[in-house]
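Any value given below was found using the heavy atoms of this structure, including those in side chains, with hydrogens, waters and symmetry copies removed. Just so we're on the same page: letters track the sequence lines, and every chain starts at 1.
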Protein chains: 2
Amino acid sequence: MSTLADVARLAGVGVGTASRAISGKGYVDVETKRRVLEAATALGYRRNAAARALRERRSHVVGLMLPDIHNEFYTASAAVLQSELDAAGYQLLVATTGNSVDGERHAWETMLDRQVDGVVHVPVDPDGAPPPGLPVVQLNRHTRTATATAVVSDDVAGVAELTRHLIDAGHSDLVALVGAPQLSTSTERASGFRQAAAAAGLVENAPEGPRCRVVATEFSADGGAEAMERIGHDLPGAVVALSSRLVMGVLRWAGARGVRIPDDLSLAGLGDPEWYALWQPGITTFAPPLAEMGRRAALELIARIGRTTAPPATTIRLAGEVKVRGSIRATARGGVTGGRS
Amino acid sequence: MSTLADVARLAGVGVGTASRAISGKGYVDVETKRRVLEAATALGYRRNAAARALRERRSHVVGLMLPDIHNEFYTASAAVLQSELDAAGYQLLVATTGNSVDGERHAWETMLDRQVDGVVHVPVDPDGAPPPGLPVVQLNRHTRTATATAVVSDDVAGVAELTRHLIDAGHSDLVALVGAPQLSTSTERASGFRQAAAAAGLVENAPEGPRCRVVATEFSADGGAEAMERIGHDLPGAVVALSSRLVMGVLRWAGARGVRIPDDLSLAGLGDPEWYALWQPGITTFAPPLAEMGRRAALELIARIGRTTAPPATTIRLAGEVKVRGSIRATARGGVTGGRS
DNA sequence: TTGAAAGCGTTACCAA
DNA sequence: TTGGTAACGCTTTCAA
C-alpha cells in the first residue's frame, strides 16, 4: 500500500501539499493538484483511515447498537440509515446488545474503544444513560431520562387510530398485548390503546359490558402465544397485538386452538413485515415509518457530530400509517363500517 | 480521554512498560502490572483503536458486504457471524452493495480505506475478484473463478431432495423458478432440481407427459409474480420457488388469480423465514443452514487473518434441511405418500 | 502557494 | 525486567 509520501515524491511536491491536494482543504495550485491526483491514481493510493483518525481525532465511523441484527423491525430502519450515513462519508460499525443490559454495556465499550464519532442506539435499559460527550441518537425506543435525542414512531396516535378502527367495526371487548412495561414502546402503545378505548366508553378490566384489557408479556412469539393461552378462558372480540412477534404468537396460538381469524377473533397488529399482506386475509396494522425513522436518525446524528455544543435533547415523533386489511371482522352489533355477516 | 502516557505517569513507569502490562505481551513484573492496571482503571483508560491500528497495521475490524441489510436471508447468517467475531475481538463494519456491481466496487473501496483485516462477502458480480492479499470469505454465493474460500449451502442436494419430495407426492409436471442465471445460487438450485427431475424421468420442456421446466426471473416477489403470470396459460401441477422472495411472488399471484394452494397448485420453497410456518397450511421448503453458515464464515475468516500464506481457496458446502409442511398436495396419480384426495 | 516539521497514541525494538 | 525512542501515515500549523 502506497502512502502519501510516495504520492508526494512521485508528484515532486511535499507531503503537506499532497495532503492538501487530496483532501481538498487549503490552497493548492490547480496544476499542482492535477499532478498530485495523477500520481495518486497511478499508485493506487488510498488514505489510511487509522492515521487520519489518529490525527484528526475523529474516525468517520458511527456505531449502530441494536438488540438483534436478525429482526426486520430494526433492519428496516438500519438499511436507510446505512445508505444515508454512507452518503455523508461515514461507515457503520454494528454491535448487538441482545436485549440485555450486560450486552448493552459491552456494546458501549466496543463503541468507545473504536472512537466512533457518534452512535445510533436502540436502548435496552430504560434507565441507562449514554456516555457523556458522545453524540447519540436513540432510535425507536427512548430511555426514561431524556439524555439523548430520540427518533421514534408516534405509537400513541397510531395505536389509538388502530383501536378506533376496531371500535368503529363494532367491537366493544378488546385486549391489547404489549411487551415489558419498562420499555417506552410498551407504555406508549398501551397508552394509545387506552385513550381510544376510554374515549369510546370501554371500561378497563370490567367483568362484562363494553370493556378493554391490557395484557403485558414479552415482545416475542412465545410471549404472544402464552398471553393468549392465559386469557383463553375469557376471549375478547378482538385482540390488538402490539408487535409483529406478538402477532405471530397469536396466529400460532389460533392455529393450534382452531380459532379462526377473523371469524372467531379479530386481530390487529403493529409493524408491517412483508408477510402481513400475504397472510390470508391480511393483517390490519399500524405501521411505524421505519425507513423514515432511520433516515431522520442518521440526519440528526450527522448534525450533532462535530458540533461542540450539543443541541438540547428532544424527542422526534414521526407519524406512521394504519393499513387496513382483512383480519378484522365487522360485528353484527355494527359500527360505521357495517357488518359483513 | 486519558492516554497511555497518563497511565504510565500515574503508575510511575515508562510507557513501554505500561503498554506491555496492558496488552499482556512481553515481560512485566507481576507487581508492576498490578500497579499499571490499577492506574488504568482509575483513569478510565481506553486504548485508542486508531493509534493501535496505525502501529500494528491491523484494525481488528472485519467487513461484512451484503446486498441488503433488510433481508432476513442474510441477517440470519449475519447475526451469528457478528457474535462469533465479537467473541474473537473483532468489530463488524457493514457495507451494502445493493446488488449492483457499482455498489460492490464502492463497498470494496470502503473496506480498503478502513484497512479492515478481512471481509465476509456475499458476491454480486459473478466474475468479480476480491482485492489480492486481503483475507476474504464468500458467503452464500460464490464467484465463478475460485478466488476465495466460500461457505455455501448445499443447494444442489437440498433442492434435489425437495424436488424428490414433490415427485414422491405424485407430481410429474414441475416448474422451478430461479433468479438471474449468472448467480451461483440460481445455477446450483436449478441443477438440483434438474437432477431429481431427470432421475424420475421428467423431460425438460416437453410439451406434454411427465415434464419439468426451469423459469429464470429475478430473485424478488415481483419476479416471482411475473414469472407465474408468464406461465399461467400452461400451469404445472407444482412449482418450486427457489427463494423466499419468489415464494412471496407466487403467493401474491395466486391470491390475485384465485389459485388455491395446495388445492389447485402445489408449492415448495427455499429458505425458512418465520412466516413459512405461519402461512396456512405452511410452506414446504428446503432451509439452508444460515446460522451455521455465518458461524463457519466467521471461523474461516479468523483462521485466515494473520496467516501469511493464504490457505487454498475451497468451497465449504453445508447441508440444510427439507421441512415438510402443507403446501404440497399428494395427487391422485399417487406416489409413495399416497393421495389425500 | 508551498515545504518542513510537529505531533496524534500505540507498539516494538534496543540498550540498560 | 525496564525505560527511552523510533516509527506508523496523516493533518495542520508555521515560515518562507
Does any N or O in the side chain of [X] come within less than 3.5 Å of the main-chain N or O of [Y], such that one atom is a donor and the other an acceptor?
X: B:T143; Y: B:P126; value: no
X: A:R304; Y: A:E300; value: yes
X: A:S23; Y: A:S19; value: yes

- Output the distance between atom CG (A:L37) and atom NZ (A:K33), rounded to the nearest 0.5 Å.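 The CG atom of A:L37 sits 6.5 Å away from the NZ atom of A:K33.
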Cut-off 3.5 Å, side chains only: do [X] and [Y] have a donor facing an acceptor?
X: A:E188; Y: A:H142; value: yes
X: A:T149; Y: A:Q138; value: no
X: A:R317; Y: A:S153; value: no
X: B:T96; Y: B:D68; value: no

What's the [atom1]-[atom2] distance between [X] and [N], to the nearest Å?
X: A:N48; N: C:dT10; atom1: CG; atom2: C1'; value: 14 Å
X: B:R58; N: D:dG9; atom1: CZ; atom2: C1'; value: 19 Å
X: A:H60; N: D:dC10; atom1: NE2; atom2: P; value: 13 Å
X: B:L43; N: C:dG9; atom1: CG; atom2: C1'; value: 14 Å
X: B:E56; N: D:dG9; atom1: CD; atom2: C1'; value: 16 Å

- Are any of the side-chain heavy atoms of B:T315 and B:V152 separated by less than 4.5 Å?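 Yes, at least one pair of side-chain atoms sits under 4.5 Å.
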Quick one: is [X] getting a side-chain N or O under 4.0 Å of the [N] phosphate, OP1 or OP2?
X: A:R47; N: D:dT11; answer: yes
X: B:R57; N: D:dG9; answer: yes
X: B:R52; N: D:dC8; answer: no

- Task: Just call it for B:R46: base, sugar-phosphate, or nothing, with non-hydrogen atoms closer than 4.0 Å on any strand.
- Result: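 The residue B:R46 makes sugar-phosphate contact but no base contact.
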- Message: Is it the case that C:dT10 (base atoms only) and B:R55 (side chain only) share a donor and an acceptor within less than 3.5 Å, ignoring hydrogens and angles?
- Response: no
- Could you tell me, to 10°, how much the axis swings from one end of the helix from C:dT1-D:dA16 to C:dA16-D:dT1 to the other, five pairs per end?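 So the angle between the two local helix axes works out to 40°.
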- Task: Pull out every residue in residues 3-29 of chain B that has a heavy atom closer than 4.0 Å to any atom of DNA chain C, ordered by number, or say none.
- Result: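 B:T3, B:L4, B:G16, B:S19, in order of number.
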